[in-house]
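Remember, it's 1-based here, ligands and their atoms both numbered in the order they're listed.
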Amino acid sequence: MPVAQKTFAKVIAIDGPSGSGKSSIAKELASVLGVLYIDTGAMFRSIAYVANIQQIELVEGEALNDFLNSLKIEYAVSDSTLIRINGVDLSDKIREHHVSALASIISQLPSVRKFLLDFQRSLAFDKVCVMEGRDIGTVVFPDSFCKFFITASVDIRAQRRLKQLREQGDNTITLEQIIEDVRKRDATDMNRAFAPLKKSEDAMLLDTTTLSMSDVIKILAAEVKFRAAHLGFVL
Ligand code: DC
């Protein structure tokens, strides 16, 4: 009897903790390869943002389900609009500091994860894409043809976050507060019951503490091209 060939999703899965540089890496990799970039953190952030405005209690129940059913979420509407909910462009608002903590809380709720799991799966189709998050290689697309887990030390991740906030004009938060935030968020993301942040066994691990962006991109692009060629995937 012929042995069934394993089939792969045309997804480059990039997972890792916040501040590991994975967003910049995923974006740049997608641009270098000329494929769609899908930022799943932006989805959790936008739902958290809208839930906060509508004062939805962040607990499982009918109110949360009604809220989720009322959402029309649109991703990559245009070059300038990353994400829209019910017609409102949230691309910039979701980067505000307070939204990070809300997103971390909301991402623990199974109904929110299920809602976004379906949406995320609906976005990947015939073309190769880069999908970035916490559980892409483990839960969303465990059959991704290429998986990377990007990490870096807590200190360097906090320093990068501080730089980002300063560039956005936020001068209120100290490095110590950010280190504390990063530790808390890691603990929440890694210890939640549903789809915790975890390296998939078959993912390539990359620690970016001492690597430059261009080195990381070179390593990732070479690996993607090798695997794509092997599977006959067109980039
Ligand atoms: O990557 P980010 O910082 O934009 O993500 C915001 C929050 O969303 C983060 O606390 C973890 C959560 N998240 C998740 O649970 N699963 C994903 N696939 C992406 C993000």
With F226 via ring pair (Phe, Tyr, Trp, His ring centres under 6.0 Å) - residues at least two apart
none

Checking S104 side chain against S100 main chain: does a donor-acceptor pair fall under 3.5 Å?
no

Partners of V50 by side chain to side chain contact (heavy atoms under 4.5 Å, CB included), sequence neighbours excluded?
Q54, F67, L71, I85, L90

I'd like to know if K114 and D118 make a salt bridge, using a cut-off of under 4.0 Å between side-chain N and carboxylate O.
yes

For ligand 1, what are the residues with a heavy-atom contact below 4.0 Å?
K22, T40, G41, F44, R45, A103, S104, S107, R113, G133, R134, D135, R185, D189, R192

Taking NZ, NE, NH1 and NH2 as the nitrogens, is one of them in D39 or K27 under 4.0 Å from a carboxylate oxygen of the other?
no

Pairs where residues 187-206 contributes a residue and the test salt bridge (Lys or Arg N to Asp or Glu O under 4.0 Å) is met, not counting sequence neighbours:
R134-D189, K147-D202, D189-R192

